Amino acid sequence: MLADPCLATARATLAPEIVKQAVQRALASVRSGEIEPPDVIETVLEALPLDGCSLRPVLNATGVVLHTNLGRAPLSPTAVRALTTAAGYVDVEFDVRTGARARRGRGALDALLARVPRAEDALVLNNGAAALALAATALAVDKEILVSRGELVEIGDGFRLPELLESTGAKLREVGTTNRTHLADYRDAIGPQTAFVLKIHPSNFVVRGFTSEVSVRELSGLGVPVIADIGSGLLAPEPALPAEPDAATWLAQGADLVTASGDKLLGGPQAGLVLGRAELIHTLRRHPLARALRVDKLVLAALEATLAERSTPTADRIRADPEKLRRRAEALADSLVQAGLRCAVVESAGLVGGGGAPELTLPGWAVELPERFAVALRLGDPCVVARVDESRCLLDLRCVPEDQDGALATAVRACM
């Protein structure tokens, strides 16, 4: 089987062990009766990552902008080009003028500080959870972190921030209640063992009714450091997301450090951002754990390019014009009707996703198909992930690049 001419390209580009294992798995499927002997080579080719990577490009027709299962923020063309540049030898930690070692990722850090002038310094780590973990490790081992009970959130895949913080050796001291926390609750809990007050934006849920919380501005007057996690990665106020906090505002209100994610509303690669007081950033940067949590040259390149952009695909899709989405949906539906498929254009509520703006819906439109199309589209080429709602397959075009509308139509026709 390995000598079959159809596998020549695979043998020339992939490691021999990868090709051999794919053949062995296909032959095992023959022995178990899952496939017929003539289908072995086709099965092998389908299993091999001929581009060197098993990840498949996906057309996101769900209407969810920051879809965690689909990789959250799509990078801009500029950021993609930056990745290509960074793939080779680059001066990531080298001063070409002096020939000496230089500050790692200085371009990305300078771009971050340019976007948030109120920050004295910045640090980039591998994700938002890493930013909080490093802050707790460097500043609060064997000390107390004060946090409201209403802000003890669970993030994706069952991970809980309280457990993450306690794993660093810090001690959490909960104040207030689930629905109401007052400034006096924090003030009464402050003592010799207090390392800092932690303010967490509960970005993936909302508590309504008889509630109260304490602002960053109020917390900053307590006389202890305030570390604030905005989660979403919004660096400045966004009119389309009025309820989302941003780094610049919370720093202006007195936060000593603000932590955030780079692959959410910022629209960049996965990263954990820390902005704020220079002395605290220096403490975090010099802690041994910072070495384990730092990002590589690819992330630094994509992040710098993202920060330099006037807008990002994430921002453009959140702000997408509903009328334009309707016209695109109607054009797609017309082409499918001409091909003999019954479909309709219906209103569709998009979502920000990624744990951001949980109550906000984004008005838009979708093409309604029978539910059975959802599976066929996922298994097709290109892979199309639609939204299944009330036994309908909905193709929401908000997150589909406009130049891919034709490819989407072709994918649907192939499933008819």
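Not measured: the values here are computed from a predicted model. All residue numbers refer to positions in the sequence shown, counting from 1.
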Q | Side-chain ion pair, Glu368 and Arg392, N-O less than 4.0 Å | A | yes
Q: Give, for atom CD of Glu347 and atom CG of Leu394, the distance between the pair rounded to the nearest 0.5 Å.
A: 12.0 Å
Q. Of Val64, Leu265, Thr361, which is the lone residue that meets side-chain contact (heavy atoms from CB on, under 4.5 Å) with Val352?
A. Leu265
Q. In Å and rounded to the nearest 0.5 Å, what is the CG to CG distance from Asp246 to Leu266?
A. 12.0 Å
Q. Would you call Asp389 and Arg387 a salt bridge, taking side-chain N to carboxylate O under 4.0 Å as the test?
A. no
Q.
Between Asp405 and Arg328, does any side-chain N to carboxylate O distance fall below 4.0 Å?
A. yes
Q. Does any N or O in the side chain of Arg101 come within less than 3.5 Å of the main-chain N or O of Phe94, such that one atom is a donor and the other an acceptor?
A. no
(Q) Whether Asp91 and Arg106 form a salt bridge (side-chain N of Lys/Arg under 4.0 Å from carboxylate O of Asp/Glu) is what I want to check. (A) yes
Q. Sub-3.5 Å donor-acceptor pair from the side chain of Lys143 to the main-chain atoms of Phe196, do we have one?
A. no
(Q) Less than 3.5 Å apart, any donor N or O on the side chain of Thr259 or Asp229 sitting next to an acceptor on the other? (A) yes
(Q) Is it the case that atom CZ in Arg149 sees more than 12 heavy atoms from other parts of the structure closer than 6.0 Å? (A) yes
Q: Please check if any side-chain donor atom of Glu213 sits under 3.5 Å from a side-chain acceptor atom of Thr181, or the reverse.
A: no
(Q) To the closest 0.5 Å, what do you measure between OG1 (Thr43) and CD1 (Ile35)? (A) 3.5 Å
(Q) Do Arg81 and Thr78 pair up side chain to side chain, a donor and an acceptor below 3.5 Å, judged on atom types alone? (A) yes
Q) Does the pair Arg103/Glu93 count as a salt bridge with the N-to-O cut at 4.0 Å? A) no
(Q) Can you tell whether the side chains of Arg208 and Glu359 come within less than 4.0 Å, N to carboxylate O? (A) yes
**Q.** Donor-acceptor pair between Ser261 and Asp263 side chains, under 3.5 angstrom
**A.** no
Q.
Can you tell me how far apart CG (Leu280) and CG (Asp121) are? Round to the nearest 0.5 Å.
A. 10.5 Å
Q) Rounded to the nearest 0.5 Å, what separation is found between the CG atom of Leu251 and the CG atom of Leu257? A) 8.5 Å
Q | Closest non-hydrogen atom pair between Met1 and Leu7, with its separation | A | O-CD1, 3.4 Å
**Q.** Arg277 (side chain) donor-acceptor with Glu120 (main chain) under 3.5 angstrom
**A.** no
Q) Is any side-chain heavy atom of Leu408 less than 4.5 Å from a side-chain heavy atom of Leu397? A) yes
(Q) Quick test of your reading of the model: are Glu144 and Arg173 salt-bridged, counting only N-O distances below 4.0 Å? (A) yes
